[in-house]
Amino acid sequence: MDQVKETSTLAIHVPDSFDLIKTFDSGQNFRYTVEKGWLTVVVGERVLKAKQEKNRLIFKAIPPEDLSFWTHYLSLDEDYDAYLKELCTDTPMARALEKGKGIRILKQPLWEMTVCFILSQNNNIPRIKKLVDALCTTYGVPIHHEGAVFYTLPTPERLAAVSCEELRLLGVGYRDRYLVDAAERFAKGEIREASLKEMSTAEARKMLMSIHGVGGKVADCILLFGLHRYEVCPHDVWIKRVFKEQYRLETVTEKNGYALARERWGDYAGLAQQFLFYTARQQQK
DNA sequence: ACCCAGGCTATCC
DNA sequence: GGATAGCATGGG
């Protein structure tokens with residue numbers, strides 16, 4: 001990837017198999033905004049402002065000089081052309097790959113994914129974004145930069161110190177105690193990223209599901225987006241609909257859903273799912 | 001006003 | 001083991 005330095009910005013070449021906006025608009029990140037073509041996202045204590053013009057991706061990162069972090073975060077260091085070739089096994093998938101061309105799975109922080117997907121249950125994406133934003137502005141740490149201010153996601157320690165009543169006031173609903181339990185488990189070190197990384201996917205899933213309020217679907221999203229287990233295929237209401245209508249599953253259960261995904265898309269079932277999810281949602285709009 | 005949303009827990013059989 | 005009510009809240 002050749003880099004060209006500009007005035008405090010950086011531009012890199014990206015392949016056709018990368019689309020910045022589609023990637024963020026595929027329901028895996030809840031902290032981004034887009035304004036005049038510029039996408040802004042906070043990750044940990046960093047901020048990225050980026051704009052894509054065809055095969056050119058323009059960066060303004062805070063702090064600067066951190067290119068390798070962002071190329072990894074955006075999965076630009078992976079060979080998606082190779083992955084996608086293996087997915088094109090049937091007509092609905094071929095259509096989704098075309099519609100969603102450019103989507104990548106982001107390498108997002110484990111804790112962020114845990115919080116976001118606990119909030120995601122029985123909820124819609126615009127409201128999930130609002131709730132996450134409220135958590136950040138209320139309990140996060142401000143990052144000041146050139147007159148603008150961004151907020152980090154509160155740490156497990158910070159969130160563990162917040163009462164359910166207080167969280168309820170932000171609008172999180174009955175998920176208040178789920179957030180507190182997750183925060184406590186992370187803060188106490190009962191859930192550790194290093195341990196999860198060493199576990200098999202099945203073991204890690206069980207560990208995540210020991211958090212009160214994390215069931216199979218939320219655990220799967222954490223595994224896919226936060227631990228990069230590409231073989232994991234979360235099925236939410238949209239995917240169930242797709243499996244029913246386009247893959248002829250009469251009733252989608254955890255069992256037959258996973259079997260179908262694993263059978264057709266193997267180690268990349270999670271990627272396949274992301275394209276189907278994006279396409280199904282776009283169709284509705 | 002109504003149905004729905006990247007579901008989970010508790011409780012039933 | 002599998003099926004179902006109840007859940008807080010607001011987007012469309």
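Computed over heavy atoms, backbone and side chain alike; hydrogens, waters and symmetry mates excluded. Bear in mind the structure is a predicted one, so any value in this text is a computation, not a measurement.
Note on A:His235: nothing from the nucleic acid sits closer than 4.0 angstrom, heavy atoms only. Heavy atoms of A:Phe225 sit under 4.0 angstrom from at least one base atom. A:Gln284 comes within 4.0 angstrom of no nucleic acid atom, judged by non-hydrogen atoms across all strands.
Of the N and O atoms on the side chains of A:Lys60 and A:Thr9, not one donor lies less than 3.5 Å from an acceptor on the other residue. A:His212 and A:Arg177 share a side-chain donor-acceptor pair at under 3.5 Å. Using modelled atom types, one finds no donor on one side chain facing an acceptor on the other under 3.5 Å when comparing A:Asp133 with A:Tyr151. At a cut-off of 3.5 Å, with distance as the only test, no side-chain donor of A:Arg104 or A:Thr23 sits close to an acceptor on the other residue.
A heavy atom closer than 4.0 Å to some atom of DNA chain B occurs in A:Asp236, A:Val237, A:Trp238, A:Ile239, A:Arg241, these being the qualifying members of residues 236-262 of chain A.
Aromatic rings of A:Phe59 and A:Trp70 (six-membered ring for Trp) have centroids beyond the 6.0 Å cut-off, not under it. Ring centers of A:Phe117 and A:Phe30: under 6.0 Å apart, within the cut-off.
For the pair A:Asn29 CG and B:dG6 P, the computed distance is 15 Å after rounding to whole Å. For the pair A:Gln274 CD and B:dG6 P, the interatomic distance rounds to 12 Å; values are reported in whole Å. For the pair A:Leu208 CG and B:dG7 C1', the computed distance is 16 Å after rounding to whole Å. For A:Leu179 and B:dT9, the CG to P distance is 13 Å, given to the nearest whole Å.
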Reading nucleotides 5-12 of chain C from the 5' end, what letters show protein touch, with B for base, S for backbone sugar-phosphate only, - for no heavy atom under 4.0 Å?
--BBBBSS
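Between A:Thr155 and A:Leu159 there is no side-chain heavy-atom pair separated by less than 4.5 Å.
Both geometric conditions, a ring-centre gap below 5.5 Å and a plane tilt below 30°, are fulfilled for A:Phe277 over the base of B:dG6.
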